[in-house]
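Notes to accompany the following structure.
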Amino acid sequence: MKKVILALGLLCPGILAAQQEVFDYFIKNATVYDGTGAAGAKRSVGIRNDKVAYVGLDTLMEAKHTIDGTGYVLSPGFIDPHTHADRWLKDDNTKYLYPWIAQGVTTVFVGSDGFGTYEINKEFNLYEQKGMGANVAAFVGFGPIRSRVLGNDVVQPDKADLEEMKLLVEQGMQEGALGLSTGLLYVPQIWSETPEIIELSKVAAKYGGIYDTHMRSESGNIINSVREVISIGQTAALPVHISHIKVSGMDNWGRSTEVIDLINKERAAGLDITANQYPFVASLTGLKNGLLPKWALAGGNAKMVNRLSDPNDLKKIKTFLKKRTDEQNKRVVISSLDKKIQHLNGKSLYDLCQEWKMPIEEVGVKLLKEHPAVSGMSFSMDEQDIISFSKEPWVMTGSDGGGFHPRTYATFTQIVENFCMAKEIFPLEWAIHRATGMTAKKFKIPSRGEIKEGYYADIILFKPEEVKAHSDLVNIDYLSEGMRYVFVNGEPVIAERDFTKELPGKTIKKAQ
Ligand SMILES: [Zn+2]
């Protein structure tokens, strides 16, 4: 009897240890790009629960599922630092985030362009209740804060207003926001002046956060806008990040050189300034922002629509619209997720003038009166500027996805398929780094963005030559192709190229 007990005693720890060793998934013999920018190396990777439990040379390990990774690239899942996936996450049909996971994206940031709430916990609870196809991190947005304290009209804050706004930024930061986000093209943020933003950024700085911005101008006034970002970074003493960096408008084509020189000078002087970018020559935003004079936007959509019926305002708006050239009107194309207006998708303002037999001022007014939130693509960028920005070591991949635009469906795949493989602008390790390790580090995302033992198992497995971006500026809502496996927190959301319909995403709070 004693012997048996002894034997069992010897056996049990052994059995326990062996069970401990069993991985949920073991991907053997893949070429691992670890996200740090290092070249690929042949490795096997073990996943247990939601973490990477092994990275090494062994190819024989016990696992519930073994995947032969021979000939495949294994890398961290992509992190998308600028999205409008907020709305997707609140809808049971879209919370899977298929357009993103089909590209290999395993984490999205929301609250971009200053649109995000300061009630991060409440927002995160909502997402968690529904479940998420990918992980979610959030910015605290300037828009709702200014709107709550000052409304949407042209107003400047007094001291008490500013204190009230600072408290709301503080709430967002305490609840785990990555930093303060602004979209200075949009009402009511458009009315703010730099010192106000600096005061709010100081609160983000206190919590180790970042200042992330859609700049005031991405066209004629771009240099001043970059200077504003720089002064915010310097004065509030925090890292700054320019979202969807671009130069818009034919008159400005080629000016990426000026922007790059300015940013490189400040980086050399010690400022932590970076940017993200999507690789398409057309942008997408509310049509009103490009069509109307600033004053006509004050107060929000309802007030804008009132102005479109007010004889005095209407006269001024029409005079403003009349200045648009045919060439400009050909470059703006309706592209809206709104079902009521989707029959107009793909048509330019010029096309609508022809079709409706109306001059541009009538077309503009009709569109905005009937559909104040209609969005449009603006074919305003030059490919060469996009390439020039993409080569800079401080530029990351960021989709700005969410709307009816290929950037929602094919940003990361375009970078791999086109910029890396076809055009050879940068090697694969860089295409991966600028979408994983670089992003995680800049935004203080804990334990993600690298393939490392103890890190979360956000992992993708693909062959670069099979990665295809099917969405383009004409055929928009086509998912990308090429991911064999996409793991989010150790659970596949794509397995052998099929969606699993699982929702293993987690909300992520900034590392302290
Ligand atoms: Zn934006």
Side-chain angles (χ1 to χ4, degrees), residues 79-91 94-95 97 100 105 107-130 132 134-150 152 164-190 192 196-197 200-201 203-215 229 232 238-244 276 284-286 289 300 373 398-403 408 439 442-445 505-510:
I79 299 173
D80 190 345
H82 188 96
T83 82
H84 300 284
D86 323 40
R87 188 173 40 177
W88 293 64
L89 289 161
K90 288 172 189 161
D91 183 328
T94 55
K95 63 191 180 184
L97 303 178
W100 281 272
V105 173
T107 298
V108 297
F109 295 0
V110 299
S112 305
D113 288 340
F115 295 145
T117 174
Y118 44 87
E119 295 180 299
I120 305 280
N121 283 341
K122 202 170 145 196
E123 184 89 345
F124 278 6
N125 284 341
L126 184 71
Y127 297 156
E128 283 163 2
Q129 273 165 24
K130 288 193 169 296
M132 302 156 274
N135 304 307
V136 182
F139 294 105
V140 48
F142 181 32
I145 289 177
R146 200 177 207 275
S147 188
R148 170 163 161 185
V149 176
L150 296 168
N152 293 317
E164 204 180 332
M165 288 198 280
K166 280 161 74 174
L167 279 177
L168 297 174
V169 177
E170 183 133 26
Q171 178 183 346
M173 292 308 300
Q174 279 175 349
E175 294 185 6
L178 304 171
L180 174 69
S181 164
T182 68
L184 302 181
L185 180 74
Y186 302 112
V187 172
Q189 307 176 61
I190 192 170
S192 67
E196 174 185 340
I197 304 172
L200 301 185
S201 296
V203 180
K206 193 170 107 188
Y207 289 89
I210 204 169
Y211 174 69
D212 169 83
T213 184
H214 173 154
M215 295 189 295
V229 180
I232 292 165
L238 85 177
V240 290
H241 187 76
I242 298 170
S243 274
H244 44 62
N276 69 66
L284 175 79
T285 192
N289 300 303
S399 74
D400 200 2
T408 304
T439 321
K442 173 84 190 198
F443 291 92
K444 297 191 180 155
I445 299 296
K506 294 182 183 185
T507 55
I508 297 173
K509 299 195 167 184
K510 183 183 73 59

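Just so we're clear, the structure is a prediction, and the values are computed from it rather than from any experiment.
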Please check: side-chain N/O of [X] versus main-chain N/O of [Y], any donor-acceptor pairing under 3.5 Å?
X	Y	answer
Asp86	Val110	no
Lys95	Lys130	yes
Ser181	Gly141	no
Asn135	Lys506	yes
Ser147	Asn152	no
Thr182	Leu184	no
Thr94	Trp88	yes

Give the minimum heavy-atom separation between [X] and [Y], together with the two atoms involved.
X	Y	answer
Tyr211	Ser201	CD1-OG, 3.5 Å
Gly209	Pro239	O-CD, 3.5 Å
Ala85	Leu97	CB-CD2, 4.1 Å
Asn276	His241	ND2-NE2, 3.0 Å
Met173	Gly179	SD-CA, 3.7 Å
Pro144	Gly114	CD-O, 3.2 Å

Lys509: what forms a side-chain contact (heavy atoms from CB on, under 4.5 Å) with it, not counting sequence neighbours?
Asn121, Phe124
I want to check something: taking the side chain as every heavy atom from C-beta on, are [X] and [Y] in contact at a cut-off of under 4.5 Å?
X	Y	value
Gln189	Asp113	no
Thr213	Val240	no
Ile445	Leu178	yes
Lys122	Thr117	no

[atom1] of [X] to [atom2] of [Y]: how many Å apart, nearest 0.5 Å?
X	Y	atom1	atom2	answer
Leu284	Thr408	CG	OG1	7.5 Å
Thr507	Glu128	OG1	CD	3.5 Å
Thr285	Tyr186	OG1	OH	3.0 Å
Glu196	Phe142	CD	CZ	4.0 Å
Ile120	Phe139	CD1	CZ	10.0 Å
Arg146	Ile190	CZ	CD1	10.5 Å

side-chain contact (heavy atoms from CB on, under 4.5 Å) evaluation trace for Phe443 with Ile79
CA-CA 10 Å; Phe443 291 92; Ile79 299 173; over 6 Å; no
Pairwise salt bridge (Lys or Arg N to Asp or Glu O under 4.0 Å) hits with a residue in residues 167-178, at least two apart:
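For residues 167-178, and leaving out neighbouring residues, the salt bridge (Lys or Arg N to Asp or Glu O under 4.0 Å) pairs sorted by first residue read Glu170-Lys206.
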Determine, stepwise, if the pair Ser243 / Asp212 fulfils side chain to side chain donor-acceptor pair (under 3.5 Å).
CA-CA 7 Å; Ser243 274; Asp212 169 83; 2.9 Å; yes
Going through the checks in order, is the side-chain contact (heavy atoms from CB on, under 4.5 Å) test met by Val169 and Ile145?
CA-CA 8 Å; Val169 177; Ile145 289 177; 3.7 Å; yes
